[in-house]
Amino acid sequence: MNEFLLSCRPWLRPLLCLALLCLGAPAQAQEPAPLNAAAIQASPLALGPQVQLLEDPGRTLAWDEVVEDRALPWRASTMAVLNFSFSRSTWWVRLALENPTAEPMTRVLELAMPLQDDVQVRWAVAGQAPRFWHTGDRQPFAQRPVPYRYPVFRLELPAHSQGQLWLRLDTHDGLFEAIPLKLWQPDAFVDHGLTETLLLGAYFGANALLMIYMLVAGWLSRERIFVLYALYLGSFLFWNFSFLGFGFAYFWPDSPKFNNVVLGVSAVAIFASLTAFASSFMQTQRQAPRWHRANLVLLALVALHLVPSLLDWYAATFRTLLPVSGLLLVTLLSTSVLLAWRGQAEARLYLLAWVFLGLGVIVYDLRVFGLLPSTPLVEYALNIGSILEMLLLALILSWRIHDLKQQALRAQRQQIESQRTMTARLEAEVTQRTAELQLANERLHQLSTTDALTGLLNRRSFDEALQLASKHAQREGEPLALAILDVDHFKRINDSLGHQAGDAVLAQVAALLREVLRRDTDRVFRLGGEEFAVLLSGQAALQAQTRVEQIRQRVEAECAVTISAGICVWQAAAGDTALSPRDLYHQADQAMYDAKGQGRNRVVLRQAGGGSEAGSATAGAARR
């Protein structure tokens, strides 16, 4: 061939070389340059772009041939995360490490994917016998060199040495999971593992608590939707527990086949329970019957995957389950969009919840394809999105519990009313007379205690309340303030504008008093005519004067009239005899007349048993 090239004309030689390169075998990668293992400290090194790959379509290559044959078509990896997807080939990976320091070191090789079926590792250091490990989720868990939920290997490097690492990756029936391949400093890996386990434990715990809460809510309310959501949470929890390797590590370490079967079964359960919940929550059978039927057809296709799952046809299960379930999710989402567009509140809430999960899926996928850095927030984006989605749906269902409780109360009231009606039919005469008598008593009591014009408590209620308040103040040693308020020049309003206008003024003042005096210990009364009383329990002199002054100012500003107010404040001291309600009222009434005498539109404060103090008044206020 070389002689032929030399015999050709010079201008033909480049073209012939290019043709030979295009038609010949692909270029072979040189043996990898060793990576400096000493440079790996707190942060791991992602090995995806650092390794070389060899595909064995016939699955015939042996270890000796792979290690020794330099003519094999190795090629440099371009993947941040090793992902061979659906492939019947065996894949080989190689990498060289060096320790340029004078101290021996250990590095941890992490295959952060619990579901890789078959992993064989060969680690060779010059001058030492090669070490060999064989593990994967199709091998018993006890074969793992480090008892961790996914394959982890300790690589020892003596001082000033180089090591060669080979991996053989194979599958049960042709489905490779994406494998983040990383190299760690041991202490950093331990910290990472502890943090990761803690976060995932919290995630599982929150999921489990929500599931139990929904089961209890369903049992108490007898509502099917809570049970459906609990089934969805349980399926999602069980699938995550298996997918992340915890089930194989802690519950069925000697059952690798079961570990793979349960993934397909739990995946089908997730989509079945989700469809049932979404259909019930959004009432799709009634609100969107065509979309409901489409969802059921796709759900039936998803359910058919139980057969290959139970037969352990792992690749065959997920080869069709992924597109069918993806189409089911699209139709469920389309159904919710349609119903939300029509104004259904449940559909809008459902969409909002799925926004969180969708964002988590997008961020996680961008990380898998190397478009986002592998930070903790990005690494657990799917878990964060799913827990936010679950929490929001749980809050929505909690609101539904409240709504159901209200419905139950209404139903209970209706049932009681129905029973009353049946009783009325049997004892019509007696029931009617009893109801009439009861209604008359209620009206009589209301008329006897309430002022008809203003709706405030009347003079009779005032006498009773004042008696009780004075006894309470004496017993507890608390201050008691009584204010008497009188509308200024009210007779002039009646004479000039008529009694209807006067009544309107009184009703307006009463409404303002009710608005201002809202404390539980505040009581407002109409004593008669244009006179009102306010009881302020627990209010010292300055506080009472300030509050009544606020009332005076608002009446002047909003009611087109003014008021004169007198306040009497009594504070019981040790050894004092109780102040009679009559004396308290008399002194407050006298203080009110003092306010009238001082020019009206003002507040006068009088201490029980003492003289009066002029309260504040609006300077230059008109005398009405």
Side-chain angles (χ1 to χ4, degrees), residues 26-57 61 66-67 70 72-87 89-100 105-116 118-124 133 136 150-155 157 162-171 175-186 188-189 192-193 196 362-382:
Q28 299 172 359
Q30 297 179 352
E31 290 190 8
L35 297 176
N36 183 2
I40 302 169
Q41 296 298 328
S43 299
L45 174 63
L47 298 179
Q50 312 292 334
V51 301
Q52 292 184 349
L53 304 175
L54 173 63
E55 183 178 7
D56 179 15
L61 291 176
V66 171
V67 172
R70 298 180 180 276
L72 293 174
W74 290 91
R75 60 180 176 84
S77 169
T78 58
M79 296 182 286
V81 175
L82 301 184
N83 189 358
F84 310 118
S85 191
F86 291 96
S87 173
S89 302
T90 297
W91 288 85
W92 297 80
V93 181
R94 71 178 181 182
L95 177 71
L97 299 175
E98 68 171 350
N99 176 13
M105 69 173 56
T106 301
R107 291 296 178 261
V108 176
L109 176 67
E110 173 194 52
L111 277 71
M113 170 42 66
L115 303 181
Q116 178 54 45
D118 190 90
V119 180
Q120 297 181 37
V121 179
R122 184 180 188 271
W123 171 245
W133 298 285
Y150 50 73
V152 174
F153 309 92
R154 292 174 60 88
L155 307 181
L157 269 172
Q162 289 189 4
Q164 299 291 327
L165 177 68
W166 289 270
L167 288 85
R168 181 182 184 274
L169 305 176
D170 202 357
T171 66
L175 174 56
F176 286 87
E177 304 288 350
I179 305 174
L181 194 64
K182 298 179 183 179
L183 199 63
W184 289 83
Q185 193 270 347
F189 175 76
H192 163 76
E196 186 178 54
I362 291 172
V363 172
Y364 181 80
D365 288 345
L366 291 176
R367 196 275 301 172
V368 169
F369 290 107
L371 300 177
L372 284 178
S374 185
T375 64
L377 188 62
V378 173
E379 189 77 20
Y380 300 107
L382 180 59

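Keep in mind that the numbers below use all heavy atoms, side chains included, and drop hydrogens, waters and symmetry copies. As the structure is a prediction and not an experimental result, all values here were calculated from the model. All residue numbers in this chain count up from 1 along the given sequence.
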Val152 and Val108: CA distance, side-chain angles, deciding distance, side chain to side chain contact (heavy atoms under 4.5 Å, CB included) verdict
CA-CA 7 Å; Val152 174; Val108 176; 3.2 Å; yes

Take Leu109 and Leu111 through the side chain to side chain contact (heavy atoms under 4.5 Å, CB included) test and state the conclusion after the steps.
CA-CA 7 Å; Leu109 176 67; Leu111 277 71; 4.1 Å; yes

Before you tell me yes or no, could you show the steps for Leu169 and Asp118 under side chain to side chain contact (heavy atoms under 4.5 Å, CB included), namely the whole-Å CA-CA distance, both residues' side-chain angles and the distance that decides it to 0.1 Å?
CA-CA 6 Å; Leu169 305 176; Asp118 190 90; over 6 Å; no

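Partners of Glu55 by side-chain contact (heavy atoms from CB on, under 4.5 Å), not counting sequence neighbours, listed by chain and number: Pro57, Ser87, Ser89, Trp91. Remark: Arg122 pairs with no residue by the salt bridge (Lys or Arg N to Asp or Glu O under 4.0 Å) rule, at least two apart or across chains.
When all heavy atoms of Gln41 and Ala38 are compared, the closest pair comes out as NE2-O, 2.8 Å. Contact detail for Leu97 and Pro34: the closest heavy-atom pair is C-CB, 4.1 Å. Of all heavy-atom pairs between Ala124 and Trp166, the closest is CB-CZ3, 4.1 Å. Closest heavy-atom contact between Ala37 and Arg107: O-NE, 2.9 Å.
Checking side-chain atoms of Thr90 against main-chain N and O of Asp170 turns up no donor-acceptor pair under 3.5 Å.
Looking only at atom types and distance, the side chain of Trp74 has no donor-acceptor partner in the side chain of Gln52 under 3.5 Å away.
Between the CE atom of Met113 and the CZ atom of Phe176 there is a distance of 13.0 Å, given to the nearest 0.5 Å. Interatomic distance, CD of Gln120 versus CH2 of Trp92, reported as 6.5 Å (0.5 Å rounding). Here CG of Leu35 is found 8.0 Å from CG of Leu183. Values are rounded to the nearest 0.5 Å.
Ring centroids of Trp133 and Phe153 are separated by less than 6.0 Å, placing the two rings close together.
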